[in-house]
Amino acid sequence: MLAANDTKKVKTLIVGPPTIYGPGRGPVNQRSIQAYNMAKFTLENGFAPIMSGGGAPEWDYVHVQDLGHFFALAVSAALDPEKKNNPEIFGPHGYFFLEDGTFSWRWLATAIAEEAHKQGFIPEPKTQEGDYKNYGANSKSVAARAKKYLGWEAHGKKLPEEIPEIVASEAKRLGKTKN
């Protein structure tokens with residue numbers, strides 16, 4: 001993909017978003033993956049999964065609307081005569097991370113279990129350790145380049161604020177009723 005920049009007709013940039021959350025505005029898919037799948041797992045199994053083996057794996061997060069705002073800034077930069085040829089924005093250096101905070105998978109599992117219990121979908125706020133590979137990786141980044149070169153700032157709700165909606169939306173999607 002980066003080789004396309006050699007033609008001078010194509011300018012690329014790559015975005016490395018972390019866990020994405022928040023309701024999407026698209027006509028087909030309004031949910032992301034990690035937090036929503038953990039909520040789904042919790043609602044289906046009565047407990048939230050925690051990867052066993054010690055350590056405290058962490059991951060970054062960004063609200064879907066903040067991700068969309070970044071893409072709008074990138075398109076504006078592509079149309080801006082002063083920015084469209086900036087090698088720090090487009091081309092081999094055009095790699096951007098987006099994040100608005102960090103969470104541990106253990107925290108997320110606990111928060112989802114507590115919220116699922118609070119909303120009446122599971123009998124107790126239970127977590128369980130096991131071999132849950134999807135919830136044990138580390139991914140840490142800083143959105144410094146997005147802020148420096150495109151003026152990107154996150155304004156959406158933080159992940160902790162969105163947990164009640166994540167649980168409620170997954171329960172609705174699954175047709176779950178309260179206990």
Side-chain angles (χ1 to χ4, degrees), residues 1-40 51 55-112 115 132-170 173:
M1 180 187 322
L2 292 177
N5 290 287
D6 297 338
T7 68
K8 306 288 185 204
K9 293 180 182 179
V10 176
K11 299 291 180 192
T12 64
L13 64 79
I14 298 172
V15 181
T19 290
I20 302 167
Y21 64 94
R25 295 184 242 186
V28 179
N29 184 22
Q30 288 92 35
R31 74 187 277 280
S32 190
I33 299 171
Q34 291 119 320
Y36 294 84
N37 284 350
M38 183 180 281
K40 177 183 177 197
M51 180 72 177
E58 295 181 328
W59 206 272
D60 298 321
Y61 61 79
V62 69
H63 195 282
V64 68
Q65 292 176 8
D66 291 327
L67 177 61
H69 178 65
F70 174 84
F71 285 119
L73 290 170
V75 169
S76 292
L79 300 173
D80 183 333
E82 293 182 26
K83 292 183 179 177
K84 70 180 183 180
N85 293 317
N86 185 336
E88 292 300 324
I89 299 174
F90 298 103
H93 296 277
Y95 201 102
F96 295 88
F97 292 106
L98 301 180
E99 50 76 30
D100 189 31
T102 301
F103 68 92
S104 75
W105 289 105
R106 181 176 295 278
W107 169 84
L108 183 62
T110 301
I112 287 174
E115 187 60 37
Y132 307 108
K133 290 180 176 43
N134 292 339
Y135 308 113
N138 280 303
S139 178
K140 306 271 306 240
S141 60
V142 177
R145 298 185 82 256
K147 293 174 183 178
K148 179 178 179 179
Y149 294 109
L150 296 175
W152 179 81
E153 292 290 333
H155 298 287
K157 283 183 177 179
K158 301 279 190 185
L159 179 58
E161 298 172 90
E162 199 74 39
I163 298 295
E165 179 55 32
I166 290 170
V167 170
S169 68
E170 283 304 296
R173 200 171 78 75

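Not measured: the values here are computed from a predicted model. All heavy atoms count here, side chains included; hydrogens, waters and symmetry mates do not.
- L98 approaches A143 most closely through the heavy-atom pair CA-CB, 4.1 Å.
- K158 contributes a side-chain N or O that, together with a main-chain N or O of D100, makes up a donor-acceptor pair within less than 3.5 Å.
- Within the 4.5 Å cutoff, no side-chain heavy atoms of V64 are placed close to those of R25.
- Proximity of a side-chain donor or acceptor of R145 to a complementary backbone N or O of Y95 within less than 3.5 Å is detected.
- Side chain of Y36 to backbone of G22: a donor-acceptor contact under 3.5 angstrom is found.
- Counting only heavy atoms from C-beta outward, the side chains of N134 and Q34 never approach each other to under 4.5 Å.
- Looking at M51 and W105, their side chains never come closer than 4.5 Å, going by heavy atoms from C-beta outward.
- Checking side-chain atoms of W59 against main-chain N and O of A137 turns up no donor-acceptor pair under 3.5 Å.
- Remark: E58 engages K140 in a salt bridge (Lys or Arg N to Asp or Glu O under 4.0 Å) (not counting sequence neighbours).
- Using a 4.5 Å cut-off on side-chain heavy atoms (C-beta onward), F70 and L13 make contact.
- Residues I163 and L108 meet the side-chain proximity criterion, which asks for heavy atoms closer than 4.5 Å.
- The two residues A154 and W152 make their nearest non-hydrogen contact at CB-CH2, 3.9 Å.
- Looking at T19 and F103, their side chains come closer than 4.5 Å, going by heavy atoms from C-beta outward.
- Looking only at side-chain heavy atoms (C-beta outward), E99 and V142 come within less than 4.5 Å of each other.
- Shown here are the ring pair (Phe, Tyr, Trp, His ring centres under 6.0 Å) partners of F71, two or more places apart in sequence or in another chain: there are none.
- Ring planes of Y21 and Y61: perpendicular class, angle over 60° (limits at 30 and 60°).
- Side-chain contact between N37 and R31: present, with at least one pair of heavy atoms (C-beta onward) separated by less than 4.5 Å.
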